[in-house]
Amino acid sequence: MSEQNKGAGRIRGTGSRRRKPSRRHRAKAVAAWSVAGVVVVGGAGLAYAYVALDGNLSSVDIDAKLGADRPDDVDDGSQDILVLGSDSRSGDNGKYGRDEGAARSDTAMVLHVDKGHKSASVVSIPRDTLIERPACESDTTGDEVPAEHRAMFNTAYEVGGPACAVKTVESMSGIRMDHYLEVDFTGFKKLIDELGGVEVTTKTAIDDSKSHLDLEPGTHTLNGEESLGLVRTRKSVGDGSDLGRIQLQQAFIKALIDQTRSVGVFSSPKKLYGLADAATKAVTTDSGLGSVKKLTGFANGLKGLGADDVHMVTLPVEYDPADPNRVLPQEKAGRQVWAALRQDRPIPASATEDSAGDKGDASQVVR
């Protein structure tokens, strides 16, 4: 079976044939993980934490793996970061399902911070987008993995790890990624718990047996497990598709950003250290962020961003006529999105107005 036909049923357009859900029930939590990893690290003020926190960090030397054949490194003060989460169920993540082969990137987004660090744009890339995957070096054997036509986006991480994921995004966008950030399930939960939970208001009831979340309409303070359940929710909101779930995650991120800005971590050394410890254990970074000092400097440049300063979109896509469980990039609209990031401009609304990712109503579930 080809890669693009594996796991069919994850994306479904309105009116297409319903399929039984995969046993894996992959969580699409990376968007929230990423903001937790970036914003909480900044808010926690790691410069004041113990040097021992350096030992918590894991890093990958992306530059050494990719070499010089990359887009130009534009030094204008703006930054582009690929934030990613894998679907590995190893270790403490095993409670969320069973691994079926190598891990894949569960969700990905490109975070562009403008040169003045006053605003940011986030482009979510649906995991089932069919793309031209470039040749990559295997993350396990070191052998070259050939390029593939109509490969699912998430297979880049599977065959070549973080470096191949970065190479694939750079090939799609023409933008050099300045940094890489990855956070896992367990790290996400611990960050939220250390933060004291995240307050969200649901407009409609959520009752999802797959994510084990049951919420009445109203305001709730979600702990780590409940927050993970929210960003995994799909079947009971919107059109039940993964595109709708991305919208739900983006609404949650807004709440998370507001929460991190309102927590007075400096008034409690215990909370300060707890957040710093959880944040540094949660993330895997590129080597450019692979120390507390480097990560602190990076995060301090972002901590002034509020929820209203972050514009979130989904890469413009349309359902694949050959397989409604897959999506194809809308080339013209996609070029508009990537051009806006390269030119450090806001993403025009016209770029996403005809996208399947902009049609769902899951974003109306949480405010």
Side-chain angles (χ1 to χ4, degrees), residues 3 28-31 33-35 37-38 57-76 78-88 102-113 120-148 151-184 282-291 294-295 298-299 302 314-315 329 334 337-339 341-342:
E3 290 294 345
K28 299 293 188 293
V30 67
W33 299 333
S34 304
V35 174
V38 173
L57 288 168
S58 298
S59 63
V60 180
D61 193 342
I62 301 290
D63 290 338
K65 287 182 176 289
L66 296 187
D69 186 18
R70 303 177 65 184
D72 291 339
D73 187 0
V74 179
D75 186 16
D76 64 355
S78 66
Q79 291 186 313
D80 295 280
I81 305 99
L82 175 60
V83 288
L84 197 71
S86 76
D87 64 4
S88 172
R104 299 184 185 182
S105 57
D106 208 40
T107 308
M109 71 180 189
V110 174
L111 169 64
H112 174 84
V113 183
S121 297
V122 172
V123 181
S124 296
I125 304 175
R127 52 164 292 137
D128 292 335
T129 306
L130 298 180
I131 50 98
E132 301 291 328
R133 193 185 69 214
C136 289
E137 179 182 298
S138 169
D139 204 34
T140 54
T141 67
D143 298 330
E144 182 176 288
V145 179
E148 184 177 342
M152 286 199 303
F153 172 80
N154 69 337
T155 64
Y157 185 92
E158 178 187 21
V159 303
C164 189
V166 169
K167 185 175 183 179
T168 300
V169 170
E170 291 184 344
S171 176
M172 294 169 63
S173 66
I175 301 171
R176 186 185 180 105
M177 295 296 106
D178 297 296
H179 294 298
Y180 171 83
L181 191 73
E182 180 182 337
V183 187
D184 69 10
V283 298
T284 297
T285 72
D286 68 286
S287 56
L289 297 178
S291 72
K294 293 176 181 177
L295 195 57
F298 169 72
L302 306 182
T314 301
L315 179 71
V337 170
W338 300 129
L341 267 56
R342 283 195 300 273

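Any value given below was found using the heavy atoms of this structure, including those in side chains, with hydrogens, waters and symmetry copies removed.
- The shortest non-hydrogen separation linking G174 to P71 is O-CB, 3.6 Å.
- Not counting sequence neighbours, T284 has no partner by the side-chain hydrogen bond (donor to acceptor under 3.5 Å, both in side chains) test.
- To the nearest 0.5 angstrom, L289 atom CG is 8.0 Å from I81 atom CD1.
- Remark: D73 pairs with R176, D178 by the side-chain contact (heavy atoms from CB on, under 4.5 Å) rule, at least two apart or across chains.
- Of all the heavy atoms in L84 and A165, the pair that sits closest is CD2-CB, 4.0 Å.
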Give the intermediate values and the outcome of side-chain contact (heavy atoms from CB on, under 4.5 Å) for residues L181 and T285. CA-CA 5 Å; L181 191 73; T285 72; 3.7 Å; yes

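- Looking at residues two or more places apart in sequence or on another chain, you find a side-chain hydrogen bond (donor to acceptor under 3.5 Å, both in side chains) between D80 and H112.
- Counting heavy atoms of neighbouring residues, nucleotides and ligands inside a 6.0 Å radius, atom CG of D75 does not exceed 12 of them.
- Among pairs with a residue in residues 137-147, none fulfils salt bridge (Lys or Arg N to Asp or Glu O under 4.0 Å), at least two apart in sequence or across chains.
- Closest approach of L82 and A108 over heavy atoms only: CD1-CB, 4.3 Å.
- One N or O on the side chain of T168 and one on the backbone of C164 form a donor-acceptor pair closer than 3.5 Å.
- Annotation: side-chain hydrogen bond (donor to acceptor under 3.5 Å, both in side chains) contacts of S138 (sequence neighbours excluded): T140, T141.
- Between I175 and R342, the shortest heavy-atom distance links the atoms CG1-CG, 3.2 Å.
- The CG atom of N154 sits 10.0 Å away from atom CZ of R133, with the distance rounded to the nearest 0.5 Å.
- For R70, the side-chain hydrogen bond (donor to acceptor under 3.5 Å, both in side chains) criterion is met by D63, E170, not counting sequence neighbours.
- Atom CD1 of I125 is separated from atom CZ of F153 by 4.0 Å, given to the nearest 0.5 angstrom.
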Evaluate L315 against M172 for side-chain contact (heavy atoms from CB on, under 4.5 Å), listing each step before the verdict. CA-CA 11 Å; L315 179 71; M172 294 169 63; 3.9 Å; yes

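- The two residues G290 and L57 make their nearest non-hydrogen contact at C-CD1, 4.0 Å.
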Mind running side-chain contact (heavy atoms from CB on, under 4.5 Å) on H179 and I62 for me, showing each step along the way? CA-CA 9 Å; H179 294 298; I62 301 290; over 6 Å; no

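- Between S287 and K294 the shortest heavy-atom distance is O-NZ, 3.6 Å.
- The CD atom of E158 sits 8.0 Å away from the CE atom of M152 when rounded to the nearest 0.5 Å.
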